[in-house]
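Below: the structure, in structure tokens.
All values reported here derive from a predicted model rather than from experimental measurement. Starting from 1, each residue takes its place in the sequence as its number.
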Amino acid sequence: CDQQRVTWQSSEHFLGTAALLMRRALLDQKKQRRTQKRGEGVVPTPLDLVPVAAEDDLSLGLLEEALQQLEREDPEQVKLVNLRYFLGLSVQQIARVTALSPRTVYRELETARLRLTRIIRKGAC
């Protein structure tokens, strides 16, 4: 954020940046929850009032590590993953933004999903 003088090169550039910022926001939220769990400035709350987390902190951490590894191997796949899962674009929308065919987008997302699963399983063992 705090980007006041950005010259957007294309809609892909804008949406890619938005997806990356969403990913970072989720990670920052995870770090903040982790800090709160350690008790820094937190008033004790009865367990029945604590909401259930939408994402498991451990899972989000593993996913971020896997995304970083995949980004070193194939940054284009990570761009597609960011657009799909952190920004919520459909395959059709991603295809329009990236000038790829919907079939290519779908295939690349599926490949990325398989690669991320492999990386996470390898890291969790």
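Residues satisfying the side chain to side chain donor-acceptor pair (under 3.5 Å) test with Glu65, not counting sequence neighbours, are none. Legend: residues meeting side-chain contact (heavy atoms from CB on, under 4.5 Å) with Gln77, ordered by chain and number and at least two apart, are Leu70, Asp74, Glu108, Thr111, Ala112, Arg115. Applying the side chain to side chain donor-acceptor pair (under 3.5 Å) criterion to Arg113, with sequence neighbours excluded, gives Glu110.
Checking side-chain atoms of Thr104 against main-chain N and O of Leu100 turns up no donor-acceptor pair under 3.5 Å. Put simply, the side chain of Gln93 gets close to the backbone of Ser90: a donor and an acceptor are under 3.5 Å apart.
The distance from atom CG of Leu63 to atom CD of Gln68, rounded to the nearest 0.5 Å, is 10.0 Å. Atom CD in Gln69 sits 5.0 Å away from atom CD in Glu73 (nearest 0.5 Å). Here Arg84 contributes atom CZ and Ile94 contributes atom CD1; the two are 6.0 Å apart, rounded to the nearest 0.5 Å.
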Audit row: Leu83, Thr98, side-chain contact (heavy atoms from CB on, under 4.5 Å) steps and yes/no
CA-CA 10 Å; Leu83 291 171; Thr98 60; 4.1 Å; yes
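The shortest side-chain heavy-atom distance between Leu67 and Tyr85 does not fall under the 4.5 Å cut-off.
When all heavy atoms of Ser101 and Ala95 are compared, the pair lying nearest together is C-CB, 4.0 Å. Taking all atoms of both residues into account, the shortest heavy-atom contact from Val91 to Tyr106 is CG1-N, 4.1 Å.
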